[in-house]
Trainee: 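This is the structure, below, for whatever I ask next.
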Amino acid sequence: MNALTFRPGAVQAVLSLVAAVSVTAAIASASPISTEIGGRLAVAAFVCFILTLAYGSARFVGLSSIPMLSAALAASSANDPAWVPAIVIGCLWYAAVELAWESIDRRSRGTPSVAVSQQRLNEVATVATLALAVTAAALTFASAAPQRTLLSQGPIIIGLFAAITFVARNLAGQNKGDATRRTRSRLLDSSTDGKRRSHAA
Amino acid sequence: MSIRATDRFLTAVIVTVPAALVAVLAGRPDAAALVAPWIVLLVLGLSRRSLESPTVSVVASAERVVVGDDIELTTSIEGGSGTISVSHQPSAEFWRRGEEDGPPANTRTEGVIADGAAELTCVLPASEWGQHDLGLVRYEVTHPYGLFRETGESAAVANVLVHPTPTQLHNLLAPWMVRRISGTHGSKELGRGIEYADVRPFTSGDSLREINWRASARSDELWVSQRHPDRATDVILLVDSFVESGHDVRTTVGLAIEAAVGLAESHLAVSDRIGLVELGGLVRWVSPGTGRLQLQRLTDGLLSTGLYANAAQRDLRVIPARVLPPRSFVVALSPLFDERFINALFMLSGRGHDVAVIECATVASENSSQDEGVAATRLLAGRVWEAERQIVRDRLAGRGVAVAAWGPGTHLDLVLSELTRRRQPMTRAGRR
């Protein structure tokens with residue numbers, strides 16, 4: 001326990017593995033019709049998750065979400081999709097990935113300050129809470145309109161397109177902002193006084 | 001400054017887009033529920049992303065510190081949001097330490113940008129004397145919810161002067177020649193002072209306080225005491241900054257500078273005039289003066305001593321006469337490796353200056369080789385090297401220049417006592 005306590009990111013890694021094991025077990029114990037494919041895919045995804053976590057690659061830890069969530073989808077019934085297990089598995093897996101990233105970050109950069117740790121914890125908690133709330137609202141909406149009518153599909157499609165547009169506009173705005181900032185930076189650097197106080201924009 | 005998307009953003013997009021398509025096209029709302037946290041993360045991260053880049057400024061707590069003090073760097077951030085991590089990277093010489101010390105201290109600090117502002121403080125220990133460049137300040141701003149990260153650099157405060165630890169000296173070198181200004185060094189002249197010199201018959205004009213009553217009581221006339229007045233002198237510190245390959249330049253010059261600062265402080269405290277001449281790749285000087293301001297000038301000059309390899313013939317003829325006043329006491333601080341510096345000492349002695357040398361030499365490393373042949377060779381080389389050093393010392397002693405060796409671990413007071421002891425036979429021999 002002492003070794004875990006003093007090694008940076010060890011606690012986060014252990015918690016991440018616990019969450020990942022919970023997700024894998026939940027998927028493996030799903031409907032018997034799809035267990036074979038879903039369970040095996042979940043175990044493979046879990047192995048990828050452990051290996052990438054041990055290696056310390058944040059990118060591949062995140063990408064191991066693809067097989068894991070695919071396994072969760074394959075394990076559930078297409079005819080009778082279950083919202084509650086899906087959101088629980090989704091939030092658990094999100095927590096597992098965030099904890100894994102935190103562990104990798106602490107291993108490479110050291111233990112962050114209390115304020116930064118608190119900020120990160122607040123962000124993860126906010127995301128999980130909002131996800132649960134949004135899913136609960138969607139479940140309520142879906143129960144009121146159980147048929148796959150235009151009334152239920154239309155808002156979802158509109159919302160999806162709006163989200164994609166929002167992301168695309170933000171990325172385009174970011175690229176334009178980068179070019180503007182580079183020009184400003186060049187102009188400012190040429191006139192910066194670096195004797196006693198220095199600035200960067 | 002550059003902005004890039006993080007692995008969190010990449011994961012969120014790669015997970016969300018296919019799941020959303022499956023949810024809509026295949027009619028699987030549970031797929032959307034599976035990736036609901038990632039969708040929320042994308043929405044929150046993109047909506048809270050700061051479009052304004054932060055402005056970073058760095059201020060040091062002091063421009064001058066002493067070895068062992070801490071330099072506090074305050075980084076002020078204006079604008080932006082999220083968390084910020086700042087790392088300071090001073091020059092390599094700032095961190096140079098002895099072998100027994102561990103790696104440099106962690107210089108990375110981080111905090112949260114609240115209401116568009118943040119202030120971070122980093123403490124750097126000043127462990128090495130000299131003029132140091134505090135280097136660049138690299139910062140990394142992680143936007144709220146960690147989807148984007150900005151990195152940038154800001155030039156830190158230009159330079160900081162780290163003074164060597166003040167050396168308390170109890171002994172001062174006694175010069176052979178003094179000036180006609182009141183000071184603390186005994187002179188051979190006769191006049192008003194403290195040290196008793198002689199008695200002579202009373203003559204008109206003598207003060208009644210000078211009458212030596214004991215001598216007068218033994219004769220029929222009045223006798224007055226004569227004393228040696230205390231005078232000040234000009235002390236010129238001659239620092240050797242020639243670079244010689246194969247020896248620990250940093251340590252020998254460090255010893256010279258440490259000794260020079262200690263001597264300057266001690267002699268300025270007794271009203272002597274102190275000057276500085278740096279003889280090496282560059283010839284620089286500070287004209288003699290007194291007071292605290294002179295100490296600061298000398299310290300600045302010493303701390304900015306540069307080590308430049310130079311094959312040109314540099315001697316004292318380029319130095320103005322006011323920098324080397326006649327009858328001044330020249331204290332040379334040198335490892336006595338460079339022949340040009342030794343010739344300069346002969347030149348000064350020939351001009352009539354009172355010259356003394358503190359040989360700042362590093363201690364030869366112990367013979368730790370297990371190979372007998374190598375160990376024997378090293379031992380022989382050490383003995384030959386020491387014999388060559390002794391020849392140089394004898395040459396200087398023959399010209400009336402006393403030499404005392406000083407290495408790490410020895411207090412300068414002992415060296416000054418040794419130097420004073422070696423100068424006494426030269427005085428008795430009448431060289432001065």
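Fair warning: this is a prediction, and the values are worked out from it, not measured in the lab.
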Trainee: Where does A/A128 contact chain B at under 4.5 Å (heavy atoms): side chain, backbone, both or neither?
Mentor: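 Contact with chain B: none, neither part.
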Trainee: Is there a side-chain contact between A/W101 and B/T11, using heavy atoms and a 4.5 Å cut-off?
Mentor: yes
Trainee: Do the non-hydrogen side-chain atoms of B/R48 and A/E123 ever get within less than 4.5 Å of each other?
Mentor: no
Trainee: Please look at A/T135 and chain B and tell me whether the side chain, the backbone, both or neither of the residue comes under 4.5 angstrom of a heavy atom of that chain.
Mentor: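 Interface part for A/T135: side chain.
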Trainee: Is it the case that over 12 heavy atoms from other parts of the model lie below 6.0 angstrom from the CD atom of B/E140?
Mentor: yes
Trainee: Can you tell which of B/D7, B/T6, B/T16 has the highest number of heavy-atom pairs within less than 4.5 Å of chain A?
Mentor: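 Sorted descending by pairs with chain A, the first entry is B/D7.
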Trainee: Could you tell me whether the side chain of B/R8 reaches within less than 4.5 Å of the side chain of A/E98, counting heavy atoms only?
Mentor: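 Yes; the side chains approach each other to less than 4.5 Å.
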Trainee: Of the backbone (N, CA, C, O) and the side chain (C-beta and beyond), which part of A/V84 lies under 4.5 Å from a heavy atom of chain B, both, or neither?
Mentor: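 Neither part.
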Trainee: Heavy atoms, side chains only, cut-off 4.5 Å: are B/L34 and A/W93 in contact?
Mentor: no
Trainee: What are the residues of residues 57-70 of chain A, in order of number, with any heavy atom under 4.5 angstrom from a heavy atom of chain B?
Mentor: A/A58, A/R59, A/G62, A/L63, A/S65, A/I66, A/L69
Trainee: Under 3.5 Å, which donor-acceptor pairs do the side chains of residues 41-52 of chain A form with other protein atoms, sequence neighbours left out?
Mentor:
unit_1: A/T52; atom_1: OG1; unit_2: A/C48; atom_2: O; d: 2.8
unit_1: A/T52; atom_1: OG1; unit_2: A/F49; atom_2: O; d: 3.0

Trainee: Roughly how far apart are A/L130 CG and B/I39 CD1, rounded to 0.5 Å?
Mentor: 12.5 Å
Trainee: Given the rule in the side chain to side chain contact (heavy atoms under 4.5 Å, CB included) test, do A/T126 and B/Y145 qualify, once you have shown the distances and angles that lead to the verdict?
Mentor: CA-CA 10 Å; A/T126 303; B/Y145 296 95; 3.6 Å; yes
Trainee: Does B/E110 use its side chain to pair, donor to acceptor, with the backbone of A/S113 at less than 3.5 Å?
Mentor: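 Yes, the answer is positive, given that a donor and an acceptor are paired below the 3.5 Å cut-off.
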Trainee: To the nearest 0.5 angstrom, please state how far the CD atom of A/Q119 sits from the CD1 atom of B/I113.
Mentor: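 A/Q119 CD to B/I113 CD1: 10.0 Å, rounded to 0.5 Å.
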Trainee: Looking only at heavy atoms, which two atoms of A/I87 and B/A36 are closest? And how far apart?
Mentor: CD1-CB, 3.8 Å
Trainee: Would you mind checking which part of B/L44 comes under 4.5 Å of any heavy atom in chain A, side chain (CB onward), backbone (N, CA, C, O), both or neither?
Mentor: side chain
Trainee: Who wins among B/T142, B/L41, B/V15 for the most heavy-atom pairs under 4.5 Å with chain A?
Mentor: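 Option with the greatest count: B/L41.
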Trainee: Do you know which of A/A72, A/C91, A/P112 has the most heavy-atom pairs under 4.5 Å to chain B?
Mentor: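 The candidate making the most pairs under 4.5 Å is A/P112.
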